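Worksheet: the structure to be examined is printed underneath.
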Amino acid sequence: MRRKMIAGNWKMHGTKEFTKKFISDLETWLDSEETGIKVSEAIEDKEMEVVIAPPFTALDCAVFSRITGKIRIAAQNAYHERKGAFTGEISFPMLEELRCKYVIIGHSERRHIFGESNKILEKKLIAALESHILPIFCVGELLSERESGNMEKVLAEQLSSAWWSLTSDVVAEMVVIAYEPVWAIGTGKTASSEDADDACDYIRSLAFDKFGAATSDSIRILYGGSVKPENSRDLLSRENIDGLLIGGASLEVSSFKKIIESAL
Ligand code: PGA
């Protein structure tokens with residue numbers, strides 16, 4: 001059985017104070033309320049992971065304000081070079097030092113606002129793995145690409161350029177894929193759970209073609225794009241959706257908790 005992942009991507013939100021309070025409220029819930037305790041058991045039994053991705057400035061605070069190890073911390077991005085004259089960038093060894101477990105790579109905002117290409121993202125993926133930080137690698141099509149019937153082509157290109165040099169073991173054990181259709185991010189338009197599942201199924205078939213059955217069975221594929229407490233259970237009930245990457249609704253403990261609960 002694939003371990004479910006519920007991951008909150010805070011984007012450019014969240015001060016240190018906000019982060020401390022968020023973690024303290026979430027940990028209190030995980031330790032004291034009935035559903036929270038069930039979630040804690042699922043985490044201990046390796047059935048579920050709860051991840052938050054605060055901005056760089058709050059990462060240190062997030063890592064060290066946790067009292068239990070139940071919440072995992074992810075960075076939202078990093079640069080592939082280990083060090084050097086790259087003003088404004090953060091390297092993977094820097095994240096490793098902070099004990100970040102995961103890093104989001106290739107989020108559509110990185111691809112479309114900051115112009116990150118498949119080539120750069122491949123380098124980032126490799127650099128993350130070299131630093132033992134597990135990538136949550138995002139892929140997804142634009143609305144125009146979906147409407148012109150090119151969704152599969154876009155996903156295949158994004159993935160084949162990312163993992164062509166990786167081995168099946170690495171992909172199966174270390175890489176998480178997030179399918180995030182660009183038109184569903186922050187727009188309130190969620191893909192129907194059926195469409196989301198179809199896209200995740202297609203991604204799994206690409207993993208099958210490249211790496212074989214064992215890898216395609218074990219790779220975790222998340223859905224992201226306007227996930228809310230109202231639609232999370234339906235999305236998670238689908239065969240190929242192993243978790244959720246959540247933006248807006250991960251910024252309030254109350255809605256994030258409801259989404260986590262729906263993974264039980
Ligand atoms: P959203 O963002 O949930 O606010 O649509 C999802 C994401 O960007 O990962």
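For ligands, and for the atoms within them, numbers begin at 1 and follow the listed sequence. Fair warning: this is a prediction, and the values are worked out from it, not measured in the lab.
- Ring pair W163/F211 is perpendicular by interplanar angle, where above 60° counts as perpendicular and below 30° as parallel.
- For atom 9 (O) of ligand 1, the closest non-hydrogen atom of the protein is E180 OE2, 2.7 Å.
- With respect to R111 and E116, no salt bridge is recorded, no charged nitrogen being found less than 4.0 Å from a carboxylate O.
- Ion pairing between a basic and an acidic side chain is recognised when a charged N comes within 4.0 Å of a carboxylate O; K119 and E122 show such pairing.
- Interface atoms of ligand 1 facing A184, defined by a heavy-atom separation under 4.0 Å, are 5 (O).
- Distances below 4.0 Å separate heavy atoms of S226 from the following atoms of ligand 1: 1 (P), 3 (O), 5 (O).
- Which parts of ligand 1 touch G225 is read off a 4.0 Å heavy-atom cut-off, strictly below it: atoms 5 (O).
- Heavy-atom contacts from other residues, nucleotides or ligands closer than 6.0 Å to CD of E97 number 12 or fewer.
- Residue-ligand proximity, H107 to ligand 1, at heavy-atom distances under 4.0 Å covers atoms 7 (C), 8 (O), 9 (O).
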Start with the C-alpha distance between E173 and S218, add both sets of side-chain angles, then the distance that settles side chain to side chain donor-acceptor pair (under 3.5 Å), and finish with yes or no. CA-CA 8 Å; E173 285 162 31; S218 25; over 6 Å; no
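- Every N/O-N/O distance between E109 and ligand 1 stays at or above 3.5 Å.
- Ring pair Y79/F86 is tilted by interplanar angle, where 30° to 60° counts as tilted.
- At least one N or O atom of G186, backbone or side chain, sits closer than 3.5 Å to an N or O atom of ligand 1.
- At a heavy-atom distance under 4.0 Å, only side-chain atoms of N9, from C-beta outward, approach ligand 1.
- Contacts between S108 and ligand 1 below 4.0 angstrom, taking non-hydrogen atoms only, are absent altogether.
- Near K11, the atoms of ligand 1 lying under 4.0 angstrom from a non-hydrogen atom of the residue are 2 (O), 7 (C), 8 (O).
- Scanning all protein heavy atoms for the shortest distance to atom 3 (O) of ligand 1 gives G247 N, 2.8 Å.
- Partner of D242 under the side-chain hydrogen bond (donor to acceptor under 3.5 Å, both in side chains) criterion, out of K4, R220, R2: R2 alone.
- Nearest protein neighbour of atom 4 (O) of ligand 1, counting heavy atoms only, is G248 N, 2.9 Å.
- Comment: E261 does not engage K258 in a salt bridge, judged by the lack of any side-chain N to carboxylate O separation of less than 4.0 angstrom.
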